[in-house]
Number of protein chains: 2
Amino acid sequence: MDTKSRIIDIATSLFQKKGYLGVGLNEILKACNISKGSLYHHFPNGKEELLIACLHSLNEAITTHMEEIFQNYPSTQAATQAMIEELIVQYDRDGMITGYTFSSIVSEMGSLSEPVRNACDQSFTNIQEIYSNKLIADGFSKETTDSISLMMTASIEGAIMLCLTKKTSDPLKMISQVLPNLLNSY
Amino acid sequence: MDTKSRIIDIATSLFQKKGYLGVGLNEILKACNISKGSLYHHFPNGKEELLIACLHSLNEAITTHMEEIFQNYPSTQAATQAMIEELIVQYDRDGMITGYTFSSIVSEMGSLSEPVRNACDQSFTNIQEIYSNKLIADGFSKETTDSISLMMTASIEGAIMLCLTKKTSDPLKMISQVLPNLLNSY
DNA sequence: CCCTCCATACCAACCGGTCTGTTTTTAAAT
DNA sequence: ATTTAAAAACAGACCGGTTGGTATGGAGGG
């Protein structure tokens, strides 16, 4: 794997763990075993450019992974539960959730950097669209689809936040149980 | 108002806007028009002690405010919609939501400082309990109450995050429309 | 020879925090 | 009521360390 991709991968993980401001350049350099010159060769505009590259990479990883899940399950409900189950397994194993959430980035940088905010916006939109497509396939109306997909995006994101706060995967488990009720209520 | 309370108020707002690491001590000092000596007189353990004081203050403000709303409305549904409406008004006016969310703090500091994480946990628990009490009063069963109140906490928190990301209050509006469906599905 | 890639020394700015000294307030003693 | 001592509150210089970022130079392959 080439250096640039390795930097992005490692930095992505670090940013997700500790937030943008929580990670220093030196920490990234050490984790990647590279020098400052190398980093600034691949990312001439510095840390923020790296962050945006990480967000794009993360966005693609999430999208492809979710699409794979949503292809392999017959209904929105089944796919969603499988996806949440994966998040739970990952949390119980690693004590954190990488490769899905970027709330920390948004809340830190959303008001400071438009490019960063846009990248996060794009990711949320993609996620919600995956829900929407499956809901449409399930036969829901356009309006209902918009409502449910947004509710799913928001509640799962919120549940992840609650898991990190409460140091347990219970919130995600509970959401996974509640979402079917929402789907059946339409 | 005494100096210490003023520091807490101003710092709380700054922390919510820019996150913990995004605000420097000097910025706080300038905003409060005080000196470093004064700050360290009131908070001998420095920045983190100040943050925790802010979280406690915020927790109390949220709790009392929500309890007031939930007393003045007959049902969970009405109270929740009124509360979300307030959030929307505030967002459309100020472009941000202060006095409710602390996701930024959790995602930055949750894994670094146990006291901070505990303070945030306490706040989430309090919020959820306000929902729960009203739901019980509405006649929901204990189990159902736990599910719904968690769903409400998570989805509203997530919706706030989406509002900040997308720079529109639409997500909160949508959640406000969807939540009644959830309540009626039990 | 040039261009990609990397390494390192260096920089000003800022970080949170400490220290010392001064002002202001409080309260007890006369 | 006045004096006085102690304590609370505040001001600002100073500190080591770190931050993100730059400039320069070298290695290596086409």
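A note on names: the letters A, B, ... follow the listed sequences, proteins ahead of strands, and every chain is numbered from 1.
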Peer 1: So which heavy atom on Glu108(B) is nearest to which on Gly22(B), and how close?
Peer 2: OE2-N, 4.2 Å
Peer 1: Just by distance, do the side chain of Ser57(B) and the backbone of Ala53(B) share a donor-acceptor pair under 3.5 Å?
Peer 2: no
Peer 1: Who passes side-chain contact (heavy atoms from CB on, under 4.5 Å) against Asn72(A), sequence neighbours left out?
Peer 2: Glu68(A)
Peer 1: With sequence neighbours excluded, tell me which residues meet ring pair (Phe, Tyr, Trp, His ring centres under 6.0 Å) with Phe70(A).
Peer 2: Tyr131(A)
Peer 1: Report the residues that fulfil salt bridge (Lys or Arg N to Asp or Glu O under 4.0 Å) with Lys142(B), sequence neighbours left out, ordered by chain and then residue number.
Peer 2: Asp146(B)
Peer 1: I'd like the 5' and 3' limits of the part of DNA chain D contacted by chain A, with heavy-atom contacts below 4.0 Å.
Peer 2: dT19(D) to dT22(D)
Peer 1: Short of 4.0 Å, heavy atom to strand atom, which residues of residues 102-119 of chain B count as contacting DNA chain D?
Peer 2: none
Peer 1: Students often mix this up, so state it plainly: with edges at 30° and 60°, are the rings of Phe140(A) and Tyr186(A) parallel, tilted or perpendicular?
Peer 2: perpendicular
Peer 1: With no hydrogens and no angle check, is any side-chain donor or acceptor of Ser155(B) less than 3.5 Å from a backbone partner on Met151(B)?
Peer 2: yes
Peer 1: Would you please name every residue forming a salt bridge (Lys or Arg N to Asp or Glu O under 4.0 Å) with Lys47(B), sequence neighbours left out?
Peer 2: none
Peer 1: How would you list, by chain and number, every residue that makes a side-chain contact (heavy atoms from CB on, under 4.5 Å) with Leu14(A), sequence neighbours excluded?
Peer 2: Ile10(A), Val23(A), Glu27(A), Ile28(A), Ala31(A)
Peer 1: Sequence neighbours excluded and cut-off under 3.5 Å, please list the side-chain donor-acceptor pairs for residues 160-177 of chain B, or say none.
Peer 2:
{"from": "Thr165(B)", "atom 1": "OG1", "to": "Met161(B)", "atom 2": "O", "distance (Å)": "2.8"}
{"from": "Lys166(B)", "atom 1": "NZ", "to": "Asp121(A)", "atom 2": "OD1", "distance (Å)": "2.8"}
{"from": "Lys166(B)", "atom 1": "NZ", "to": "Thr125(A)", "atom 2": "OG1", "distance (Å)": "2.9"}
{"from": "Lys167(B)", "atom 1": "NZ", "to": "Glu114(A)", "atom 2": "OE2", "distance (Å)": "2.9"}
{"from": "Thr168(B)", "atom 1": "OG1", "to": "Asp170(B)", "atom 2": "N", "distance (Å)": "3.0"}
{"from": "Thr168(B)", "atom 1": "OG1", "to": "Asp170(B)", "atom 2": "OD1", "distance (Å)": "3.3"}
{"from": "Thr168(B)", "atom 1": "OG1", "to": "Asp170(B)", "atom 2": "OD2", "distance (Å)": "3.2"}
{"from": "Ser169(B)", "atom 1": "OG", "to": "Asp92(B)", "atom 2": "OD1", "distance (Å)": "3.0"}
{"from": "Ser169(B)", "atom 1": "OG", "to": "Asp92(B)", "atom 2": "OD2", "distance (Å)": "3.4"}
{"from": "Ser169(B)", "atom 1": "OG", "to": "Lys173(B)", "atom 2": "NZ", "distance (Å)": "3.4"}

Peer 1: Quick one: list whatever passes ring pair (Phe, Tyr, Trp, His ring centres under 6.0 Å) with Phe124(B), sequence neighbours left out.
Peer 2: Phe102(B)
Peer 1: At under 4.0 Å between heavy atoms, which parts of nucleotides 4-16 of chain C does protein reach? Answer with one letter per nucleotide, 5' to 3': B base, S sugar-phosphate only, - none.
Peer 2: SBBBB------SB
Peer 1: Report the end-to-end axis angle of the helix from dC1(C)-dG30(D) to dT30(C)-dA1(D); each axis comes from five terminal pairs, and the value is rounded to 10°.
Peer 2: 0°
Peer 1: Going by atom type alone, with no hydrogens or angles, which donor-acceptor pairs under 3.5 Å involve a side-chain atom of residues 33-44 of chain B and a protein atom two or more places apart or on another chain?
Peer 2:
{"from": "Ser35(B)", "atom 1": "OG", "to": "Ser38(B)", "atom 2": "N", "distance (Å)": "3.4"}

